[in-house]
2 protein chains.
Amino acid sequence: MAVDGIHTKRDRETVTLKQVAERAGVGIMTVSRVINTPEAVSDKLKARVNEAVRELGYVPNRYAGSLASARTSLVTVIVPSLSGRVFGEIIKGADEILSPRGYQIMVSNTAYSLEDEELVCRRVLGWRPEGVIISGIDHTEGTRRLLLDAEIPVVEALELGGNPIDINIGLSHRDAGRAAVDHLLERGYRQLSFIGAQMQIDFRAQRRRQGFLDGLAAAGLQAVHDISFDGKVAFEAGAAAFAQLQDTGEATDAVFCVSDELAIGVLGEAQRRGLRVPQDLAIIGFNDLDVSSAVMPALTTIRSPRKQMGRLAAQALLGDGDLAKKIDVGFELIPRGST
Amino acid sequence: MAVDGIHTKRDRETVTLKQVAERAGVGIMTVSRVINTPEAVSDKLKARVNEAVRELGYVPNRYAGSLASARTSLVTVIVPSLSGRVFGEIIKGADEILSPRGYQIMVSNTAYSLEDEELVCRRVLGWRPEGVIISGIDHTEGTRRLLLDAEIPVVEALELGGNPIDINIGLSHRDAGRAAVDHLLERGYRQLSFIGAQMQIDFRAQRRRQGFLDGLAAAGLQAVHDISFDGKVAFEAGAAAFAQLQDTGEATDAVFCVSDELAIGVLGEAQRRGLRVPQDLAIIGFNDLDVSSAVMPALTTIRSPRKQMGRLAAQALLGDGDLAKKIDVGFELIPRGST
DNA sequence: ATGAAAGCGCTAACAA
DNA sequence: TTGTTAGCGCTTTCAT
């Protein structure tokens, strides 16, 4: 019977190895073996034990097991946000590799704060993960120290660069920003603007913006507008930012949005204002979300191989295939209707 | 120093309570108290211990702690999919309540399979969660048995009904489907169609469809089209389904899509075919994703309070505020431009 | 306020 | 193939 509210377990009966062993009339090690290395037990005893396990509804206690064996089969993934589909895909990619190998993933959220990341890291290391996948390359010294001292494989994912703690899998966000401008310039646009969100806390977004500005400078141009507009929902922030930019500023004929959400917000707002995309306004985003190819016109964007990064990160942790310590997964500009 | 690939920890040095105690020149219980109940230790010893903890980089081992105390501070959330933003929001809502209270969330994925759900359940109970949040009300007998035997609070979330294991928080998806038809009929549409995806495995989607069909029947009508079109990406499935429906079938003037993703796919395809929405075609979805209000025209949809369900589920587990065993969070039809 | 002893439920290492 | 023993690193309980 279920029970009101959370409370400790000790006051209730728990089925243990020993009880299963007694029930089956065998030693506890036999039960342990039936569960962990069934091939090492005779069919006869195995059957008896399995029946006892079933009858008692025995579920092995991982705390006891891990304490005794020093194996946890746990991998933690540290992400800056639980909302975006972006991080969900990394997690999913990692899970696809890890689950079949018997690993459990534990996800923790830093809310884009380096200080919280350090706290999260400390908390999470108490679970003695056998590997850590952490987002980005910017961390406090304390976080680095913790991770280094843990003596487990660590993958810094999403972005390339910095002074890697261990393994680094990602792409150059600066190059991606640069690719966005180059594309717009090539298409003939000259009055380019940048729209960002949460720029103070999102280092990867900052680097995409920097790449954009670099590219403009290289072409002897400068941004017509360069704004960041925070908001609870990125789509709305995009719409609001574009509205502000149109209402108060000089004309722009192309915008680079630091994310597809913003870009789709801009697209909607532009259409509401009667602008034709891409004739009057070109829009390019970043991420290539599923929805980006569904909107009309479809959104030109830069695809980051998120799921692949998750998979590679997991494989790197497992030491599969002798992967390099540094893997550039690259990005791909997907030209579509919006430019 | 980090290390190549995952391997066990025992071969490397680990800092334990005992080492900290020796370093600080106190008993191990004093160290334990400094960490768990610092108010019970004198300032002098507390300072010495904290210094030793810092110097050694001590991180308490949760396995030892939980084994000894029978408290895990773990809550597991079982979802059918890691991809959708839908489940991410439930998790986020739950995390907002649980994290500040010192609980760690562990997420597990059943891939919309009841059999996998049972396996996942068994695996996850080995971590001795102090509470479980599980999606939906459809489970195998084995799953029910496991959850009941665990003697911990269990919340079945997202959907109301069935024979609850313990606590049930959600909404009636059938009523939601019914609300969708009623809205379309009220707007004057008569040639209604249904577009679904993954209908065989998604019970909640089935119930929305049933509500839709019920509503039609009550009005003496029947669906022009009633199709399900699977695909890797729901947006694309929506577009493909609508294309098929247009190419091979009778005229329809309104479609109810079982999810917003499908609806946005339909919207894009309709626009590509030169149809005016909502004049030529009305579209209504389900979920109210962030993107749904950003597209042009904005999508009429039914909002389910996902984050709130996550929060309520967490609060119910904690026994907060003496919540009912059954909570109907309702839904809200949001009329927008697409109808 | 502090410490010593016992033991949580399991696995490693060994013995039979 | 099976069982016995000694911990794993902590917290509980009970002394002091």
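Just so it is clear: chains get the letters A, B, ... in the order the sequence lines come, proteins before strands, and each one is counted from 1.
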### d(OH, B:Y58; P, D:dG9) in whole Å
10 Å

### Message
Between B:S32 and D:dC10, is there a contact of a side-chain N or O with OP1 or OP2 at under 4.0 Å?
### Response
no

### Query
Do other residues, nucleotides or ligands put more than 12 heavy atoms under 6.0 Å from B:R122 CZ?
no

### Query
B:L17 has a side chain; which of C:dG9, C:dG3, D:dC10 sits nearest to it?
D:dC10

### Summary
Smallest heavy-atom separation, B:E130 atom then B:S73 atom, equals OE2-N, 2.6 Å

#### Entry: Residue whose closest nucleotide on DNA chain D lies nearer the 5' end, A:K46 versus B:A64
A:K46

### Presence of A:S42 side-chain N/O under 4.0 Å of D:dT1 phosphate oxygens OP1/OP2
no

### Task
Check the distance between D:dT1's C1' and A:R48's CZ and give it to me in whole angstrom.
13 Å

#### Entry: Residues that A:E51 engages under side-chain contact (heavy atoms from CB on, under 4.5 Å), provided they are two or more places apart
A:R54, A:E55

### Task
Could you walk me through whether B:D43 and B:K46 pass the salt bridge (Lys or Arg N to Asp or Glu O under 4.0 Å) test, one step at a time?
CA-CA 5 Å; B:D43 289 347; B:K46 192 155 35 187; 3.6 Å; yes

#### Entry: Whole-Å distance separating the CD1 atom of A:I28 from the P atom of D:dT2
15 Å

### Message
Does C:dG7 have OP1 or OP2 under 4.0 Å away from a side-chain N or O of A:Y63?
### Response
no

## Note on the structure
Whole-Å distance, B:R71 CZ to D:dC10 P, equals 18 Å

### Summary
Separation of C:dC8 atom C1' from B:L67 atom CG, nearest Å, is 4 Å

### Query
A:A68 side chain: which of C:dT11, C:dG3, D:dG9 is closest?
C:dT11

### Task
Sorted by first residue and then second, give each salt bridge (Lys or Arg N to Asp or Glu O under 4.0 Å) pair with at least one member in residues 98-107 of chain A; sequence neighbours left out.
A:R101-A:D320

### Query
Could you give the CG-to-C1' distance, from A:D43 to D:dT2, as a whole number of Å?
15 Å

### Message
Measuring to OP1 and OP2 of C:dT11, would you say a side-chain N or O of A:N36 lies under 4.0 angstrom away?
### Response
yes

Expected rows: protein N/O vs nucleotides 13-16 of chain D N/O, under 3.5 Å:
none

### Query
Parallel, tilted or perpendicular for A:Y63 and A:W127, by the 30°/60° rule?
tilted

### Message
I need the CD-P distance between A:E22 and C:dG9, as an integer number of Å.
### Response
13 Å

### Message
Quick check on C:dC10: is either OP1 or OP2 less than 4.0 Å from any side-chain nitrogen or oxygen of A:S69?
### Response
no

### Message
Just the rounded figure in Å: distance from P of C:dC8 to CG of B:N61.
### Response
18 Å

### Query
In terms of the nearest nucleotide of DNA chain C, which residue is placed more toward the 5' end: A:V59 or B:A40?
B:A40

### Message
Could you tell me if the side chain of A:I137 sits less than 4.5 Å from the side chain of A:L160, heavy atoms only?
### Response
no

